[in-house]
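Data block below; observations after.
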Amino acid sequence: MVRTLSVLWSILVLVACSPKKTESLHYEPFPEPSRQQSYRTQIFNNTYAFTYPSNMVLTDSLLIVQDNVNQEYAYHAFSRKTGDFLYSFGRKGRGPGEIITPGDMVTIDNRNHLLVTWDANQKKQVRYRLPGHTGDSIFFDSESTILSTKGYNISDIMANNGEYYAIGYIYPLRFGKLDKDSIRLLYSDYPQLTEDDEANRSVWNYVSLVRMSPKGDRIVAATYVGTALEILSVRQDSIQSQRIRAVNPPIFRIVDGVKPKWVGLIDETIIGFIDIRVSDRFIYANLSNQPLTEEGCDGSESIWIFDWDANPAGKMNLDRYIETFCVDEADGTVYAASIDQSSGEYELVKFSFDPNDFSE
């Protein structure tokens with residue numbers, strides 16, 4: 001299933017100012033990594049009836065999968081020990097702890113033991129309390145409606161060790177810092193992948209492929225429409241672009257009747273990054289690099305590994321296509337969503353790896 005952006009509903013007739021121009025980029029393929037390993041996956045859970053698992057996050061004892069398509073709840077918890085489905089949470093609705101349109105991201109605030117998500121429809125940040133020990137359930141903790149946004153439009157919220165960052169999709173907000181119920185602007189610019197500024201912002205925000213390193217000192221952003229990867233540094237609330245690598249230019253159409261401009265997919269569109277995960281050591285990426293018309297374009301049979309200078313450090317070659325995934329580098333385990341070729345149904349798989357195989 002090809003992804004669509006959850007914030008598209010909220011793009012109304014708005015007037016966007018023009019940011020400063022940046023130079024167009026040179027496109028060249030990623031070099032094939034010299035360090036490659038092959039892995040056999042094993043079934044983690046093939047009994048839960050997924051519709052479209054779009055995101056994953058790990059706690060000490062749980063794998064939490066986001067699947068809010070035709071589901072009563074948005075998030076579904078599985079035991080990391082057994083693979084068993086345990087419970088769902090994040091009910092659809094407008095009551096306390098309920099959500100209408102969860103963002104593309106769900107992140108963990110490790111300092112406060114919270115799972116954090118953003119509902120663009122209700123303009124509220126929802127926080128769920130993580131279990132204190134194995135056997136506890138995740139439960140609704142608190143929420144806050146962010147109305148004092150100075151005209152900023154938020155697509156997602158990113159939590160990192162007690163600090164909260166807003167991700168925007170309309171100029172001037174690209175990255176901001178949440179201060180109670182308001183936003184402090186940190187960064188506005190985007191690498192220029194296409195000449196039109198509004199279309200360029202849409203390309204970078206078609207899916208929120210943005211991750212922050214656990215230490216909170218770096219951000220990686222990637223594109224789903226076309227293939228580009230950007231590394232940014234974070235120092236005392238100052239964000240600066242450090243490295244940009246572009247492989248495939250974005251090919252798209254402009255969606256009729258939407259202002260600011262929003263891009264849509266066409267047959268010639270090259271699908272770039274499907275999902276990315278990070279540690280302080282590596283960036284892990286599910287990279288398609290396939291045209292929209294290619295079967296399996298929304299997944300791949302490998303996970304690319306990049307260093308934080310955006311250089312390919314290795315590749316994990318798998319025995320099946322995967323889509324969204326997550327990585328526990330400490331215990332060397334990867335979890336992923338995959339479609340069973342015989343039944344056509346989603347299932348969860350996992351495999352073990354050694355990150356030292358991809359180090360100098």
Side-chain angles (χ1 to χ4, degrees), residues 30 32-48 50 53-67 75-86 106-108 110 115 130-131 133-135 209 211 213-215 220 222 273-288 296 298-308 311-343 345-360:
F30 290 126
E32 191 70 16
S34 59
R35 297 180 182 86
Q36 299 196 24
Q37 299 286 336
S38 296
Y39 302 90
R40 291 188 62 85
T41 57
Q42 63 184 82
I43 300 298
F44 182 67
N45 182 289
N46 61 358
T47 58
Y48 187 83
F50 288 107
S54 59
N55 201 356
M56 293 182 175
V57 67
L58 293 169
T59 73
D60 289 341
S61 61
L62 300 175
L63 169 67
I64 300 165
V65 181
Q66 178 176 340
D67 182 359
Y75 305 107
H76 316 280
F78 298 82
S79 166
R80 290 184 61 178
K81 184 176 180 179
T82 64
D84 292 337
F85 168 70
L86 299 176
V106 57
T107 52
I108 300 293
N110 286 316
L115 181 144
L130 295 175
H133 56 81
T134 303
L209 291 172
R211 305 286 185 263
S213 64
K215 289 181 179 178
V220 58
F273 290 89
I274 306 300
D275 201 0
I276 53 175
R277 303 291 157 179
V278 299
S279 67
D280 287 319
R281 188 176 183 183
F282 290 126
I283 299 163
Y284 299 85
N286 187 349
L287 176 59
S288 173
D298 213 35
S300 72
E301 291 181 300
S302 61
I303 295 175
W304 285 67
I305 302 173
F306 296 88
D307 63 25
W308 278 98
N311 298 311
K315 187 193 284 189
M316 298 189 283
N317 298 308
L318 312 179
D319 58 355
R320 61 167 64 209
Y321 274 81
I322 64 167
E323 295 182 14
T324 187
F325 73 102
C326 58
V327 178
D328 186 333
E329 196 176 82
D331 77 354
T333 305
V334 176
Y335 301 86
S338 178
I339 294 180
D340 178 70
Q341 296 303 307
S342 58
S343 67
E345 301 294 330
Y346 277 102
E347 55 190 11
L348 301 179
V349 300
K350 72 174 185 176
F351 66 91
S352 299
F353 79 108
D354 184 349
N356 294 319
D357 290 339
F358 306 101
S359 299
E360 292 287 351

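Between Asp331 and Arg80 there is a salt bridge, since at least one side-chain N of the basic residue sits less than 4.0 Å from a carboxylate O of the acidic one. Under a 4.0 Å N-O distance rule, the pair Arg320/Glu347 qualifies as a salt bridge. Between Arg211 and Asp275 there is a salt bridge, since a side-chain N of the basic residue sits under 4.0 Å from a carboxylate O of the acidic one.
For the pair His76 (side chain) and Asp67 (backbone), a donor-acceptor distance under 3.5 Å is present. With hydrogens and angles disregarded, no donor-acceptor distance shorter than 3.5 Å links the side chain of Glu329 to the backbone of Val327.
Under the 30°/60° scheme for interplanar angles, the aromatic rings of Trp304 and Phe30 are found to be tilted.
Between Arg40 atom CZ and Ser352 atom OG the span is 14.0 Å, to the nearest 0.5 Å. Here CG of Asn46 is found 15.5 Å from OH of Tyr346. Values are rounded to the nearest 0.5 Å. One finds the CG atom of Asn317 at 5.5 Å from the OG atom of Ser302 (value rounded to the nearest 0.5 Å). Atom CG of Leu287 and atom NZ of Lys315 lie 8.0 Å apart (nearest 0.5 Å). The OH atom of Tyr48 sits 11.5 Å away from atom CG of Leu86, with the distance rounded to the nearest 0.5 Å.
For the pair Ile305 and Ile283, the minimum side-chain heavy-atom distance is 4.5 Å or more. Annotation: side chain of Pro355 is in contact with side chain of Tyr284 (closest heavy-atom distance under 4.5 Å). Looking only at side-chain heavy atoms (C-beta outward), Leu58 and Ile64 stay at 4.5 Å or farther from each other. Contact annotation: the side chain of Ile322 approaches that of Ile303 to within less than 4.5 Å [non-hydrogen atoms, C-beta and beyond]. Considering only heavy atoms from C-beta on, Asp328 stays 4.5 Å or farther from Cys326 through its side chain. Contact annotation: the side chain of Val65 approaches that of Phe50 to within less than 4.5 Å [non-hydrogen atoms, C-beta and beyond]. Inter-residue side-chain proximity for Leu62 and Pro131 is flagged as met; some heavy-atom pair is nearer than 4.5 Å. Between Trp308 and Asp280 the shortest side-chain heavy-atom distance does not fall below 4.5 Å.
Listed here is the closest heavy atom pair of Val106 and Asn55: N-ND2, 3.3 Å. Taking every heavy atom of both residues into account, Tyr321 and Gly296 meet most closely at CE2-O, 3.5 Å. For Phe85 against Asn45, the heavy-atom pair with the smallest separation is N-ND2, 3.8 Å. Of all non-hydrogen atoms in Ala285 and Phe306, the two that sit nearest each other are CB-CE1, 3.9 Å. In terms of heavy-atom proximity, Ala337 sits nearest to Met56 at N-CE, 3.3 Å. Across Phe282 and Phe358, no two heavy atoms sit closer than the pair CZ-O, 3.5 Å.
For the side chain to side chain donor-acceptor pair (under 3.5 Å) test, residues two or more places apart in sequence or in another chain that qualify with Ser300 are Asn286.
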Side chain to side chain contact (heavy atoms under 4.5 Å, CB included) evaluation trace for Ser54 with Thr324
CA-CA 6 Å; Ser54 59; Thr324 187; 5.9 Å; no
CA sep, side-chain torsions, deciding dist, call: Val334, Met316, side chain to side chain contact (heavy atoms under 4.5 Å, CB included)
CA-CA 10 Å; Val334 176; Met316 298 189 283; 4.2 Å; yes
Residue pair Gln37, Phe353: steps toward the side chain to side chain contact (heavy atoms under 4.5 Å, CB included) verdict
CA-CA 9 Å; Gln37 299 286 336; Phe353 79 108; over 6 Å; no
What verdict does the side chain to side chain contact (heavy atoms under 4.5 Å, CB included) test give for Val57 and Leu115, after you've listed the backbone C-alpha separation in whole Å, the side-chain angles of each residue and the deciding distance to 0.1 Å?
CA-CA 9 Å; Val57 67; Leu115 181 144; 3.9 Å; yes
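In this structure, a donor-acceptor pair under 3.5 Å is absent between the side chains of Arg35 and Ser359. Checked by atom type, the side-chain pair Asp319/Thr41 shows a donor-acceptor distance below 3.5 Å.
Between Tyr39 and Phe351, the distance separating the two ring centers is shorter than 6.0 angstrom. Less than 6.0 angstrom separates the ring centroid of Tyr335 from the ring centroid of Phe44.
Remark: Asp60 CG is loosely packed, at most 12 non-hydrogen atoms of other residues, nucleotides or ligands lying under 6.0 Å away.
Each salt bridge (charged side-chain N to carboxylate O under 4.0 Å, His left out) pair with one or both residues in residues 332-342, not counting sequence neighbours, would appear here, but there are none.
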